[in-house]
**Q** 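First the structure, then my questions, so here it is.
Both ligands and their constituent atoms are indexed starting at 1 by order of listing.
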Amino acid sequence: MTSLADLPLRADLVGRTAYGAPQLHVPVTLNVNENTHPVPEEVRADILDRIAAALRGVNRYPDREFTALREALAGYLGHGLAPEQLWAANGSNEVLQHVFQAFGGPGRTLLTFPPTYSMYPNYATTSGTAVLEGRRDEDFGLSAATLAAEIERTRPDIVVIAAPNNPTGTPVALDALAAAYDATDGVLVVDEAYGEFMPDDAPSALTLLPGRPRLAVSRTMSKAFAFAGARLGYLAADPAFVDALRLVRLPYHLSAITQAAALGALAHAPVMLGMVDEIRVQRERTVRGLEALGYRVAPSWTNFLLFGGVEDPKALWQGLLDRGVLIRDLAIPGSLRVSIGTAAETDAFLEAMTALTPVGAR
Ligand SMILES: *Cc1c(COP(=O)(O)O)cnc(C)c1O
């Protein structure tokens with residue numbers, strides 16, 4: 001049998017393993033921060049009609065510039081954004097890959113702040129960009145002073161900051177993001193994958209865009225929007241930044257079907273986001289439940305929680321799985337991450353946690 005070692009693989013890929021959060025079929029799946037509420041029936045029906053219409057023209061290539069979708073995304077985001085400032089691709093994963101293809105590459109560097117989203121170093125590696133790691137403050141925070149100091153120390157070409165951060169849930173203040181922008185002469189990407197879960201009065205990094213042409217703010221329909229399976233991510237930036245991404249995308253990268261589905265979902269944004277408040281309620285229930293069991297919970301502005309004080313994370317992860325509850329072990333010492341699901345899923349998780357937590361620890 002042929003193995004990878006038998007193939008003339010690119011030298012920098014030798015010995016690497018592929019991204020792989022386990023995709024297991026269990027009753028309660030709380031491991032990859034999906035919105036566990038299904039898309040409402042009325043929205044599915046409209047999306048189906050739009051896909052049927054798109055299929056009538058599917059013998060032709062789709063609109064390469066996804067014009068209608070960029071208009072809809074600009075309208076959804078608000079903040080005075082124009083369609084020329086929007087870019088989209090098959091998940092924010094592909095959007096971020098475009099950023100690395102355009103602004104990274106051999107001889108260039110990424111600055112990332114672990115623990116954070118595990119795909120950032122992956123986009124760097126596959127684009128030939130070297131990875132530099134910055135330090136965080138206590139409790140996973142990132143202050144303006146820390147960001148400026150770490151950027152001045154490392155002088156990166158690309159800085160990516162997840163705000164709020166995954167897997168910790170930690171917010172990053174706007175003044176800190178502005179300080180990061182001022183400290184770098186590279187590009188700054190603020191990944192707001194969880195932007196819709198922030199408190200309603202918390203300003204988005206989108207407010208920082210005017211006058212900052214090296215800043216991009218990325219978003220996704222995969223989390224709050226309950227659309228992970230459709231694969232649609234996007235970013236907002238200066239039109240010149242968007243032009244840079246046009247240089248590296250493959251022609252017609254967004255299929256007519258994807259464009260139709262995303263337009264359908266955006267047309268029902270309030271319904272699609274209707275579960276966000278309910279998820280916040282379940283998040284607070286989960287915080288209280290975990291704290292009552294003696295765990296430390298990091299403050300979260302997202303639809304997941306990182307909890308510490310776990311004596312044996314592997315054993316607890318397996319114990320939960322044996323009870324039909326899948327969460328995530330990110331190899332952060334003493335910690336596990338759980339996504340927030342429905343009320344019933346929260347019950348199941350907290351019941352299993354109660355059964356698995358030694359009474360002495362409570
Ligand atoms: C889930 C996630 C994404 C990726 O989302 P897709 O749009 O599904 O590719 C990006 N960034 C962070 C921080 C995430 O947690």
**Q** Distance under 4.0 Å to a non-hydrogen atom of S222: what atoms of ligand 1 satisfy this?
**A**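 Answer, ordered by atom number: 6 (P), 7 (O), 8 (O).
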**Q** Tell me whether ligand 1 is touched by D191 - counting only heavy atoms on the residue side and a distance under 4.0 Å.
**A**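 Per 4.0 Å heavy-atom rule, D191 contacts ligand 1.
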**Q** Kindly compute the distance separating CE (M353) from CG (L356), expressed to the nearest 0.5 Å.
**A** 7.5 Å
**Q** Of N303, T220, L232, which has the heavy atom at the shortest distance from atom 7 (O) of ligand 1?
**A**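 Looking at heavy atoms only, T220 sits closest to atom 7 (O) of ligand 1.
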**Q** In terms of residue, atom name and distance, what is the protein heavy atom nearest to atom 14 (C) of ligand 1?
**A**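 The closest heavy atom on the protein side is K223 NZ, 3.1 Å.
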**Q** Consider ring pair (Phe, Tyr, Trp, His ring centres under 6.0 Å). Of Y252, Y61, W87, Y234, which one does F66 pass it with?
**A**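 Single ring pair (Phe, Tyr, Trp, His ring centres under 6.0 Å) partner of F66 among Y252, Y61, W87, Y234: W87.
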**Q** If you count the atoms of ligand 1 from 1 in the order shown, which ones are under 4.0 Å from a heavy atom of R231?
**A** 6 (P), 8 (O), 9 (O)
**Q** Backbone, side chain, both or neither: what part of S92 comes under 4.0 angstrom of ligand 1, heavy atoms only?
**A** both
**Q** How about CG on D139, more than 12 heavy atoms from neighbouring residues, nucleotides or ligands closer than 6.0 Å, or not?
**A**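 Not more than 12 within 6.0 Å, no.
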**Q** Answer yes when R249 and E65 have at least one side-chain N-carboxylate O distance shorter than 4.0 Å, and no when they do not.
**A** yes
**Q** Using a 4.0 Å cutoff against the non-hydrogen atoms of Y120, which atoms of ligand 1 qualify?
**A** 13 (C)
**Q** Taking the ring of F140 and the ring of F113, is the distance between their centroids below 6.0 Å?
**A**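 No, too far apart.
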**Q** When clusters are formed by joining ILVMFWY residues with side-chain heavy atoms under 4.5 Å apart, either directly or through shared neighbours, do L142 and M198 land in the same one?
**A** no
**Q** Looking at ligand 1, does any of its N/O atoms fall within less than 3.5 Å of an N/O of N166?
**A** yes
**Q** Going by the side chain to side chain contact (heavy atoms under 4.5 Å, CB included) test, name the single residue among T168, L306, L330 that passes it with P115.
**A**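 Among T168, L306, L330, the one that satisfies the side chain to side chain contact (heavy atoms under 4.5 Å, CB included) with P115 is T168.
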**Q** Using a 4.0 Å cutoff against the non-hydrogen atoms of G91, which atoms of ligand 1 qualify?
**A** 6 (P), 7 (O), 9 (O)
